[in-house]
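Written out below as structure tokens is the structure these notes cover.
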There are 2 protein chains.
Amino acid sequence: MAEREVDRSVSQTVKAQLALRDQILSGALRPGERISELQAVETTGASRTPVRMALVRLEEEGLLEAIPSGGFMVKAFSERDISDSIELRGTLEGLAARFAAERGVSARELEPLKECLAAIDELLRQVPISVDAFSSYVTLNARFHAVLTELSRSPPLIRQIDRASALPFASPSGFVMAQSALPEAQQILIIAQEHHRVVIDAIENREGARAEAVMREHARLAVRNLRLALRNRTHLDLLPALALIKTAND
Amino acid sequence: MAEREVDRSVSQTVKAQLALRDQILSGALRPGERISELQAVETTGASRTPVRMALVRLEEEGLLEAIPSGGFMVKAFSERDISDSIELRGTLEGLAARFAAERGVSARELEPLKECLAAIDELLRQVPISVDAFSSYVTLNARFHAVLTELSRSPPLIRQIDRASALPFASPSGFVMAQSALPEAQQILIIAQEHHRVVIDAIENREGARAEAVMREHARLAVRNLRLALRNRTHLDLLPALALIKTAND
DNA sequence: TGTATGCGTTGTGTATACATTATCGCGGGA
DNA sequence: TCCCGCGATAATGTATACACAACGCATACA
């Protein structure tokens with residue numbers, strides 16, 4: 001090989017996958033646009049084999065779509081696709097919460113969840129919330145959802161939730177960021193926090209149905225707020241995944 | 001290349017993927033066993049590149065697991081994994097039924113569903129059901145579920161349900177076959193048919209909650225019956241996916 | 001006899017060359 | 001002027017060669 005610089009700390013496949021995902025989410029590649037392998041090879045620095053592996057993985061992730069005649073294109077999503085994805089995720093998380101409640105969770109396992117809760121409470125005490133604090137909130141919120149998912153102790157379900165969150169707008173951080181575009185953002189976050197509190201309580205008391213219901217309600221609220229946020233597109237550039245939304249909605 | 005025979009009717013990648021999946025489901029490759037690329041190249045007739053693509057796809061499908069040090073192994077499932085997968089699928093189908101009911105379905109779109117229903121009714125009239133008829137039943141039942149899924153009109157949800165059904169024991173045909181191992185199999189199929197009838201009715205009357213509830217109940221029944229079937233492993237060899245079950249359960 | 005080290009073999013990760021197919025443009029004919 | 005067909009070009013699908021890492025075995029030393 002020529003003077004190609006090879007970073008041996010991570011596999012070329014992973015490097016290419018990360019680089020391509022970044023290009024897609026940053027909007028450098030537009031929805032519907034065909035992805036050229038050759039071009040991807042140049043921009044990622046990997047050779048064709050790992051690039052192809054990365055493309056296959058990104059297709060499975062849902063960010064790319066296979067073109068029947070060959071190759072891949074960036075997937076385009078409608079507003080409906082997005083709200084459905086959020087509701088889908090909420091439904092799966094509801095199942096996770098129910099599993100956690102029914103199967104029982106020790107106080108020790110519940111601890112990380114309560115820590116998240118407390119940390120978020122602390123953040124929300126600021127009015128208005130600072131940019132840094134909001135960034136911490138996004139991380140903490142994602143962590144809360146991830147821990148909750150784990151508590152289901154169901155590998156197939158955890159796997160499926162991870163897959164559902166691959167679509168950036170369906171991830172906890174994704175829709176929090178979208179909601180933050182609304183003027184009443186802080187109010188929304190406080191309500192969300194209330195949901196978090198209820199789900200912990202329901203799990204502690206082994207009330208599966210209640211735990212499930214609140215998570216689904218949580219997602220439905222997120223859907224409503226996302227719709228509102230999409231109406232008045234003021235600060236919506238906060239959401240990087242916006243690049244994936246079809247310009248012409250269905 | 002040498003005298004390797006190439007079948008140009010389908011892509012090598014797809015051919016390799018099908019061949020490997022077949023090997024896994026038939027039990028030729030045992031759960032936990034490492035899959036050697038070289039060996040896969042020999043048995044599938046494709047070369048390493050398409051074999052590797054197939055392996056990546058099968059990993060995303062959930063049939064394989066990546067080994068940290070490199071390569072893939074056949075994934076092993078516990079009984080819990082299986083029942084969780086079925087319940088997961090039922091939850092997703094419940095959401096699909098609710099979407100269909102809430103979003104409205106024309107009489108014309110409901111037609112294929114009713115045809116499946118009627119055809120299955122016809123089959124179940126036989127007592128006892130013949131082997132051929134049972135085989136038709138499996139096909140029709142899978143079709144019923146697939147059509148119902150489509151009626152949700154939600155591409156993200158449809159995609160997720162497809163992914164959930166990739167695990168053979170979570171597919172409609174998979175758990176029907178498992179249930180058939182029970183002595184009261186025919187009785188079970190009649191109850192399942194009743195569920196089908198109710199979900200159609202609920203969709204027609206736009207009762208989302210009822211449509212969802214019955215699909216979830218449908219899956220819960222399947223879980224119970226699968227558990228029973230796994231207890232008395234009499235005719236369970238009907239289920240090819242059995243090869244994936246861990247011998248040592250957790 | 002047990003353990004550690006080194007070498008060999010096997011297998012995956014990567015790169016690239018080759019084959020084949022799709023796409024686009026140009027030219028000729030209706 | 002429009003449509004059909006053919007050819008060139010570019011991009012994908014496939015095969016294979018090379019590099020490196022991991023595992024195992026054997027041997028030597030404690």
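Below, chain A is the first sequence line, B the second, and so on; all start at residue 1. Fair warning: this is a prediction, and the values are worked out from it, not measured in the lab.
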- [ ] Before giving the answer on side chain to side chain donor-acceptor pair (under 3.5 Å), spell out for B/D162 and B/S165 the whole-Å C-alpha distance, their side-chain angles and the decisive distance to 0.1 Å.
- [x] CA-CA 5 Å; B/D162 284 346; B/S165 315; 5.3 Å; no

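- At the phosphate of D/dA21, neither OP1 nor OP2 sits under 4.0 Å from any side-chain N or O atom of B/S69.
- Residue A/R34 places its side chain closer to D/dT12 than to any other of D/dT12, C/dT14, C/dG11.
- If you take CZ of A/R48 and C1' of C/dT16, they are 9 Å apart, rounded to a whole angstrom.
- Checked by atom type and distance alone, the side chain of B/D22 never pairs as donor or acceptor with a backbone atom of B/A19 at under 3.5 Å.
- Without hydrogens or angle criteria, A/Q160 side chain to B/R163 main chain gives no donor-acceptor distance under 3.5 Å.
- Between the CD atom of B/E37 and the C1' atom of C/dT14 there is a distance of 12 Å, rounded to whole Å.
- In terms of polar N and O atoms assigned as donor or acceptor, the side chain of B/S36 never comes within less than 3.5 Å of the base of C/dT12 in a complementary pairing.
- Summarising the geometry, the separation between CD on B/E33 and P on C/dG11 is reported as 13 Å, rounded to the nearest angstrom.
- The distance from atom CD1 of B/I35 to atom C1' of C/dT12 is 14 Å, rounded to the nearest whole Å.
- Distance B/Q12 CD to D/dT12 C1': 14 Å, rounded to the nearest Å.
- Counting to the nearest Å, the C1' atom of D/dT12 and the CZ atom of A/R52 are 6 Å from each other.
- If you measure from atom CD of B/Q39 to atom P of C/dT12, you get 10 Å, rounded to the nearest angstrom.
- Put simply, the side chain of B/Q12 never gets that close to the backbone of B/T49: no donor and acceptor are under 3.5 Å apart.
- Remark: A/S47 is in phosphate contact with C/dA15, judged by side-chain N or O atoms under 4.0 Å from OP1 or OP2.
- The phosphate of D/dT14 (OP1 or OP2) has a side-chain N or O of B/T13 nearer than 4.0 angstrom.
- Look at CD1 on B/I67: it is 18 Å from P on D/dA21, rounded to the nearest Å.
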